[in-house]
Enquirer: 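Sharing a structure, written as C-alpha cells. Questions coming.
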Amino acid sequence: MIKKNSKKNMKNSEKSKTEIDFSAMEQKWQKRWERDKVFEAEEDKGKKFYVLEMYPYPSGSGLHIGHAFNYVIGDILARFKRMKGFNVLHPMGYDSFGLPAENAAIKSKSHPRIFTDEAISNFIRQQISLGLTYDWRRKLQSHDPEYYRWNQFFFLEFLKKGLVYRKKSSVNWCKDCSTVLANEQVHQGFCWRHNSTPVEVKQLEQWFLKTTAYADELLKCVDGLNWPERIKAMQRNWIGKSEGSEVIFEVNGQNWEVFTTRADTLMGVTFLVVSAQHPKLDQLVTKDKRKEVDDFLKKLRSTKQEDIDQMEKEGVFTGSYAKHPLIGEKIPIWVGNFVVADYGSGMVMAVPAHDQRDFEFAKKYGLPIKEVVMPVEGRKIENRLIKAFTEYGKLINSSKFDGLDSLGARKKITDELARVKKGRSSIQYKLRDWLVSRQRYWGTPIPIVYCDDCGAVSVPEKDLPVLLPEKVKFGEGNPLATSKEFLETKCPKCGNKARRETDTMDTFFDSSWYYLRFTDNMNKKEPFSKKKAAYWMPVDFYVGGAEHACMHLIYARFFTKALRDFGYLNFDEPFPRLYNQGMIHGEDWHVMSKSIGNVVDPLDASSKYGVDALRMFLVSMASPDKDTNWNQNGLESVSKLIKSMVHYAHTVKFGNSSKRIESKIHSTLKSVSEQIEGLKYNSAVIQIRALFESFEPEISKKDFQIFLKMISPFCPHLAEELWEKIGGKGFISLAEWPKVDEGKIDLKLEEAEKAVEKTVSDIINVLNLVKEKQGKEAEKVYLYVIPNEIEGYDSTILSRRVNKEVVVYAVNDKQKYDPSGKAGKSKPGKPGIYVE
RNA sequence: GCGGGGAUGCCGGAGCGGUCAAACGGGACAGACUCAAGAUCUGUUGGCUUAGUGCCUUCGGAGGUUCGAAUCCUCUUCCCCGCACCA
C-alpha cells in the first residue's frame, strides 16, 4: 500500500525515450494477429499438435487469476509448438449452460441467455487481451442450438445403442439446486455446489447414461495415461473395482445375493445385514418384528446425514433367517445402518471374526463370533478376540476347506458355490451410471416425447434441435414445464397429443465432447467429421484444474470410448496428457477471496505492468503445477526485466557477437527448448534472464533474433514489437524456432567465464579481508594471469565488477608490479591477486 | 481406514547419486551514484576460519545402501489433497 502511494507521487520524473506504451503495443499486435489470421489452424498441414485448456464456465465476474494462469500455460506451449513447426490447434469455447447463469438471471430478473452472452463477450475480450493464440473461428458455446443439437443427437444415438435408459430409482436431490445430481456431484454427502447442503434421497424416474458399461476399460486405461498421479489415483478410486464372489442365500424359498471379497470366510458367517434403504427390505420383516424395524427406520430417517456418518453401527433383527449356501445353517438377518444400499446387492454377509464392522455389530448385539481364519504363523492368537482379524491366514473350522490359505480358499469356496449353483465369482464397481436428467431450464432439452400410447419416444433427428423456449417461469418447479408451447407436442410415432420431456441434460454432457467439436465446429450435418477428428484428435496437451478428476474427466473418457465403439473415432483416450496447474493463492497465502480482499485481478495486474510481464511472471514463480502465492514484487521485477530488454533493444549495436555470447545463446537455447517442452517454464525464464544479463553492447542481429524468439512464447507482444523494430520478416509468432548450433557452444569459453567469475569473487574476498585486517580499504588490484588465459580477463569489466581499478598482467610480464610475489601463486584458471 | 502428493536456507522455490552451503526470484543488510529519496548498479545474507583458504553443521527425524546422498532404500513424524461404514 505504502509503496503504491509513494510510487504515484514519484511519477512524472522522466520518460526515457525507450519507454514504450505497453497497452498500445499489446493492442497493436492483438489486432494484427487477428487481421492476418495468424493463429487459424487448418487440417492436414503437417504434424499436428492439439493444445487445449478446459473451456471455462463464463461467470459474470470475468476472468480470475486462475483462468489467466491456465490459459497462459497452454498458450506458451502452443506458441512454442507452432514455432517448432507443428500445425497447432488451440481453440477456446464456453461451457455456457448451467445453474449459476440461471440463478443469476432469476436474481437480476434477466434471462440466462442475455446474462450468458454478456459474460462470454466479457471473457473473450479479456482473453484476447492476454495475447492468447486461439483460433477464434472455432469458438463454441454450449448454449448455442448449433452445439446442443448434437448433444441431443448423441443422446438419441446412445439411446439407440442401449447406453441410455430411463429408470426409477433413488436419486440425489439438492434442494438448493432444485434438481437431482449425478453421483459424481455429491461430495461427502453434500452437493458439489453447495457444500453445506446435504443431498436428499428421492425416488424419481430419470435418464441415465450407462457409464458402468465401460467401467473396466475406464479403469484399465488409466495406467497408460500421462496424467498427474493423484488424478489417476482418484479415478481408480472412483471406479473402485473389487473382485470377489456373489453368494446366494436362500430366504423363505427366495434367493438373496450378497457380494463379498472374502469368500474364504464364508464358514464364519453368523448373520446377514441388509441395508436400511434396501427396496425389498419389507419382505424380510416378520410380523412380530415389524414395529421394531419401523422404529429403527424412523429414527434413521430423522437423523441428519452428517450424524449418520458419525453414528455407531446399529440395527435390529428382521425376524427372518437365511440358509447358509454350503452348510444349510440358519442365519439371522438383521437390518443395519452401515450397509450401503446401492453397492453390491445392498446386503452383506457378516463375519464378525474377520471384519471389524461386523465385529462391532456382533459385540453390540451379542451375536456369535466364529473364527475361521487362523492368523499366519508367528502371530499370537488371543483367547478372546478384541478386534477382528482381517488379514489372510490358514482356514480352520471350515470343514473340507481347513488348512487352505485365504487366497486358495477364496477360489475353492467360490468354485464350490458355483458347483452347487449358490454363487459365482463376480466383480463390483463403485462407479454408478451417470444420472443426466436435471430439473432446470438452462441446459440442453432432452429430446424425448411422452405419448400415452407409445410411451417415451425419441424426437426424430430431422426435428433436432429441440429448442429451449425463451419464455418460461422460474421458481415454480421445473421451468420447462411452465411453457405450454414447449410442453405440448405431437407424438412422432402416432401423431397424437404428447408431452415433451421437461428435464434438461447435466451440463457435463456438453463438456464430454466439446473437444471433438473444436475440430469441426461449423459442421451443420454432423457433430464433427470423422476425418477431421481423426486428424486433430487426441488432444496432445490438456490443461486444467484438478477439480474435474471424477466428473468431466470420467465422462469425457466414457464418451470417447462409446463414440469409438459407434464408429465415430479411432482412438481410445481423448486426453493422453493432462496437466494440472497449481492454485495461485493470495500474497498472504490464503485462497484468494473477495471477503479477505487478497484477490489479484489479472487485467489489473497487466494494465499496470503489461500483459507480457504478467504472463512471464505467472510461470516464473514455480513449476506451473505447484501451488504458489502471488508476489507483487516478483511481478514488478519481471516488469523491470522487460523494460530493460526494451532499453537494450534500443541501444544495442548490431555487429558481431562475441564467441562468448554466441556460445551462451546456443547453450541457453538448448536448455530453454527442453524446458518449455517439459513445462519447466520457471527454469526457462531463469535461463533467459541469465542470458540477457550477460549481453554485451554489441551483438549480431541474428543472435538477437534468436533471443527474441526465445522470449516470444512468454512475452509475445514485446517479441513482435522488437522483431519488427529490427526488421524481422513476418510475425515472430510464426517464425521458426531457432536450431541449436552445437558448434557454437564453447564449453571451454563458458568455463573460462566461470573462472573469471570466481576470480571476481576472490578479489572481493581479498579486498574484504585486507580491509578487515589492515583497517583500510585497498585502492588498486593487480592480477597475474597465465599468458594463454589473458584475453579472458578484461580490466575494464573487472574494474566495474569490483569497483576498483584492476590492472591485469601476464605472469611472465617483466614490467609487472608485484611487490609481494603474488604472481607466483597463479595457476591455470586462477590468477594471482595483489591488492594495495 | 484406503489411496495420492509433499516437507530444502528469512520467504517463495529449483535441484532428485559426485561439479551442492545448494540455481533463481523476493525480502533484509551494506556499498556506489544522488543534496536527498526513488530508480539503477555492486556486494553480503548457516557457522568458524583464511590475502582469494580450509573446516564444521545443514535440505522434517532415525537408520541403511554407496568410495560418495538433499538426491536411492527402510522405518518414523508432520502437512496437504481425494475417497470413505464399498462388504
Side-chain angles (χ1 to χ4, degrees), chain A residues 3 6-7 9-11 13-14 16 187-189 228-238 240-242 244 247 258-262 265 272-273 275 308-313 336-340 342-351 354-358 360-361 390 428-430 546-547 549-550 583 587 589 617 620-623 625-638 640-641 643-644 680 682-683 685-687 689-690 754 758-774 777-778 800-803 820 822 825 830-835:
Chain A
K3 266 192 180 161
S6 55
K7 214 167 195 171
N9 299 340
M10 247 162 261
K11 235 188 125 182
S13 51
E14 94 281 22
S16 105
H187 293 168
Q188 280 150 19
E229 270 318 309
R230 73 185 165 130
I231 306 292
K232 288 166 72 165
M234 280 160 84
Q235 291 221 342
R236 287 194 192 102
N237 208 315
W238 189 256
K241 179 179 181 171
S242 23
V247 185
V258 305
F259 175 75
T260 177
T261 53
R262 290 296 302 271
T265 63
L272 301 185
V273 189
S275 166
I308 288 176
D309 294 340
Q310 317 292 325
M311 215 155 76
E312 218 185 297
K313 283 148 202 55
N337 62 354
F338 66 96
V339 178
V340 178
D342 64 355
Y343 180 77
S345 58
M347 176 146 90
V348 299
M349 60 180 227
V351 185
H354 305 292
D355 180 284
Q356 188 57 27
R357 288 158 308 191
D358 300 346
E360 284 167 28
F361 197 86
T390 56
Q428 286 290 329
Y429 295 93
K430 280 202 274 180
E547 65 274 15
C550 292
M583 277 256 280
E587 208 148 10
W589 255 116
F617 171 65
S620 68
M621 290 186 283
S623 174
D625 55 349
K626 290 251 166 81
D627 292 352
T628 39
N629 55 335
W630 184 259
N631 180 338
Q632 191 70 22
N633 288 328
L635 174 61
E636 271 178 56
S637 140
V638 172
K640 280 176 198 164
L641 171 69
K643 280 183 185 146
S644 57
K680 303 270 175 209
N682 52 333
S683 306
V685 170
I686 289 166
Q687 297 277 326
R689 203 185 253 267
K754 266 184 209 151
K758 179 81 176 98
T759 303
V760 167
S761 73
D762 283 350
I763 295 171
I764 288 162
N765 189 212
V766 172
L767 285 171
N768 285 337
L769 288 171
V770 166
K771 188 172 162 187
E772 264 171 48
K773 285 264 161 74
Q774 304 177 357
E777 204 153 331
R800 207 190 66 226
R801 290 293 304 277
V802 305
N803 236 330
S820 50
K822 297 289 183 193
K825 292 193 91 175
K830 192 175 176 188
I833 299 165
Y834 175 72
V835 306

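Keep in mind it's a predicted model, so treat the numbers as computed, not measured. The sequence lines fix the lettering, A, B, ..., with proteins before strands; numbering per chain opens at 1.
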Enquirer: Under the side chain to side chain contact (heavy atoms under 4.5 Å, CB included) rule, what do A:Val685 and A:Phe617 come out as? Steps first, then yes or no, please.
Expert: CA-CA 9 Å; A:Val685 170; A:Phe617 171 65; over 6 Å; no
Enquirer: Check the distance between B:G27's P and A:Leu635's CG and give it to me in whole angstrom.
Expert: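 Those two atoms, CG and P, are 12 Å apart.
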Enquirer: Just do the side chain to side chain contact (heavy atoms under 4.5 Å, CB included) check on A:Gln632 and A:Glu587 with the steps written out, would you?
Expert: CA-CA 8 Å; A:Gln632 191 70 22; A:Glu587 208 148 10; 3.7 Å; yes
Enquirer: A:Asn337 side chain N/O closer than 4.0 Å to the phosphate oxygens (OP1, OP2) of B:C85?
Expert: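 For A:Asn337, the contact criterion (side-chain N or O under 4.0 Å from OP1 or OP2 of B:C85) is not met.
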Enquirer: Once rounded to the nearest 0.5 Å, what's the spacing between atom CG of A:Asn765 and atom CG of A:Leu769?
Expert: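 Answer rounded to 0.5 Å: 4.5 Å.
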Enquirer: For A:Arg801, report the nucleic acid contact type (base, sugar-phosphate, nothing); a contact means any heavy atom under 4.0 Å.
Expert: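 The answer is sugar-phosphate, as A:Arg801 gets under 4.0 Å only of primed atoms, P, OP1 or OP2.
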Enquirer: Quick one: is B:G1 close enough that its OP1 or OP2 comes under 4.0 Å of any side-chain N or O from A:Gln356?
Expert: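 No, outside the criterion.
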Enquirer: So what does A:Lys680 hit on the nucleic acid, given a heavy-atom distance under 4.0 Å: a base, only sugar-phosphate, or nothing?
Expert: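 Since only primed, P, OP1 and OP2 atoms lie under 4.0 Å of A:Lys680, the category is sugar-phosphate.
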Enquirer: Could you check if a side-chain atom of A:Arg689 sits within less than 4.5 angstrom of a side-chain atom of A:Val638, using non-hydrogen atoms only?
Expert: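 Side chain of A:Arg689 against side chain of A:Val638, heavy atoms only: contact under 4.5 Å found.
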Enquirer: Start at the 5' end of RNA chain B and walk down; is the nucleotide closest to A:Lys830 or to A:Lys430 reached first?
Expert: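 Its nearest nucleotide lies further toward 5', so the answer is A:Lys830.
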Enquirer: On a whole-Å scale, what distance lies between the P atoms belonging to B:G9 and B:C59?
Expert: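 Pairwise P distance, B:G9 against B:C59, rounds to 9 Å.
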Enquirer: Check RNA chain B for consecutive Watson-Crick or G-U pairs with both distances under 3.5 Å and list the runs of at least three as stems.
Expert: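 Stem list for RNA chain B: B:1-7 with B:77-83, B:10-12 with B:24-26, B:27-32 with B:40-45, B:46-48 with B:54-56, B:60-64 with B:72-76.
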Enquirer: I want to verify a distance call: between B:C24, B:U42, B:A14, whose nearest atom is closest to the A:Ile686 side chain?
Expert: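 Nearest nucleotide to the side chain: B:C24.
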Enquirer: Measure the distance from CG on A:Asn633 to C1' on B:A28 and round it to the nearest whole Å.
Expert: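 So the CG-C1' distance, A:Asn633 to B:A28, works out to 12 Å.
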Enquirer: Is any side-chain heavy atom of A:Gln428 less than 4.5 Å from a side-chain heavy atom of A:Thr261?
Expert: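 No - every pair of side-chain heavy atoms lies 4.5 Å or more apart.
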Enquirer: Passes side chain to side chain contact (heavy atoms under 4.5 Å, CB included), A:Met621 versus A:Asn629? Steps please.
Expert: CA-CA 8 Å; A:Met621 290 186 283; A:Asn629 55 335; over 6 Å; no
Enquirer: Report which part of the nucleic acid A:Val802 touches: base, sugar-phosphate, or nothing (heavy-atom distance under 4.0 Å, all strands).
Expert: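 The residue A:Val802 makes no contact with any strand.
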Enquirer: Using the C1' atoms only, state how far B:U34 lies from B:A39, rounded to an integer number of Å.
Expert: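 So the two C1' atoms sit 11 Å from each other.
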Enquirer: Taking the side chain as every heavy atom from C-beta outward, state whether A:Tyr834 and A:Val766 have any atom pair closer than 4.5 Å.
Expert: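 They are not in contact (no side-chain heavy atoms under 4.5 Å apart), so the answer is no.
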Enquirer: For the pair A:Ser637 (side chain) and A:Asn633 (backbone), establish whether a donor and an acceptor sit closer than 3.5 Å, ignoring hydrogens and angles.
Expert: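 Side chain of A:Ser637 to backbone of A:Asn633: no pair is present.
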Enquirer: Say we look at B:G18 and B:C72: how far apart would their P atoms be, to the nearest angstrom?
Expert: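 That atom pair is separated by 11 Å.
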Enquirer: Expressed in whole Å, how much space separates the C1' atoms belonging to B:G61 and B:G54?
Expert: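 Comparing C1' positions in B:G61 and B:G54 gives a spacing of 30 Å.
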Enquirer: Side-chain contact, heavy-atom cut-off 4.5 Å: A:Thr390 with A:His354?
Expert: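 No, their side chains stay 4.5 Å or more apart.
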Enquirer: What is the distance, rounded to the nearest whole Å, between atom CG of A:Asp355 and atom P of B:G1?
Expert: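 For the pair A:Asp355 CG and B:G1 P, the rounded distance is 16 Å.
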Enquirer: Within this structure, what is the CD-to-C1' distance between A:Gln428 and B:A87, rounded to whole angstrom?
Expert: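 The answer, rounded to whole Å, is 10 Å.
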Enquirer: If you measure from CD on A:Glu312 to CZ on A:Phe361, what distance do you get to the nearest 0.5 Å?
Expert: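 Rounded to the nearest 0.5 Å, the CD-CZ separation comes out at 10.5 Å.
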Enquirer: Please classify the nucleic acid contact of A:Gly336 as base, sugar-phosphate, or nothing, using heavy-atom distances under 4.0 Å.
Expert: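 Result for A:Gly336 = nothing.
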Enquirer: Here's a test of your reading of the structure: between A:Thr260 and A:Ile764, which maps to the more 5' nucleotide of RNA chain B?
Expert: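 Its nucleotide being nearer the 5' end, the pick is A:Ile764.
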Enquirer: Return the value, rounded to whole Å, for the distance between atom CD1 of A:Ile763 and atom P of B:U53.
Expert: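 My rounded result for the distance is 12 Å.
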Enquirer: Mind calculating the distance between CD (A:Glu587) and P (B:G27) to the nearest angstrom?
Expert: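 Result: 10 Å.
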Enquirer: Judged by atom type as modelled, is there a donor-acceptor pair below 3.5 Å linking the side chain of A:Thr260 to the main-chain atoms of A:Arg262?
Expert: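 Yes; at least one donor-acceptor contact below 3.5 Å.
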Enquirer: Using the C1' atom in both, what is the distance from B:C48 to B:C73, to the nearest Å?
Expert: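 Between the two C1' atoms, the distance is 35 Å.
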Enquirer: Could you tell me how far apart A:Gln188 (CD) and B:C81 (C1') are, to the nearest whole angstrom?
Expert: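 One finds 11 Å between C1' of B:C81 and CD of A:Gln188, rounded.
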Enquirer: Quote, to the nearest angstrom, the C1' distance that separates B:C33 from B:G43.
Expert: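 Looking at atom C1' only, B:C33 and B:G43 are 15 Å apart.
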Enquirer: For the C1' atoms, the ones on B:G31 and on B:G17, what distance do you get once it is rounded to whole angstrom?
Expert: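 Per the computed distance, 41 Å lies between those C1' atoms.
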Enquirer: Could you check which of B:U40, B:C83, B:U42 has an atom nearest any side-chain atom of A:Lys640?
Expert: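 When the side chain of A:Lys640 is considered, B:U40 is the closest of B:U40, B:C83, B:U42.
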Enquirer: If we take the C1' atom in both B:A87 and B:G15, what is their distance in whole Å?
Expert: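 It works out to 46 Å between them.
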Enquirer: Look for any protein N or O under 3.5 Å of an N or O in nucleotides 2-13 of chain B and output each such pair with its distance, or none.
Expert:
{"from": "B:G4", "atom 1": "O2'", "to": "A:Arg230", "atom 2": "N", "distance (Å)": "3.3"}
{"from": "B:G13", "atom 1": "OP1", "to": "A:Asp627", "atom 2": "O", "distance (Å)": "3.3"}

Enquirer: Take atom CG of A:Leu769 and atom P of B:U53, then tell me their distance rounded to the nearest Å.
Expert: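 Answer to the nearest Å: 10 Å.
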Enquirer: For a quick check of understanding: with a heavy-atom distance under 4.0 Å over all strands, which category does A:Tyr429 fall into, base, sugar-phosphate or nothing?
Expert: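 Nothing: the residue A:Tyr429, judged by heavy atoms under 4.0 Å, touches no strand.
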Enquirer: To the closest 0.5 Å, what do you measure between CH2 (A:Trp630) and CH2 (A:Trp589)?
Expert: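 If we round to the nearest 0.5 Å, A:Trp630:CH2 and A:Trp589:CH2 are 14.0 Å apart.
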Enquirer: For A:Lys758, which contact category applies under a 4.0 Å heavy-atom criterion: base, sugar-phosphate, or nothing?
Expert: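 Sugar-phosphate: the residue A:Lys758, judged by heavy atoms under 4.0 Å, touches backbone atoms but no base.
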Enquirer: Is A:Val638 touching bases, backbone alone, or none of the nucleic acid, heavy atoms closer than 4.0 Å?
Expert: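 Here A:Val638 touches no strand at all.
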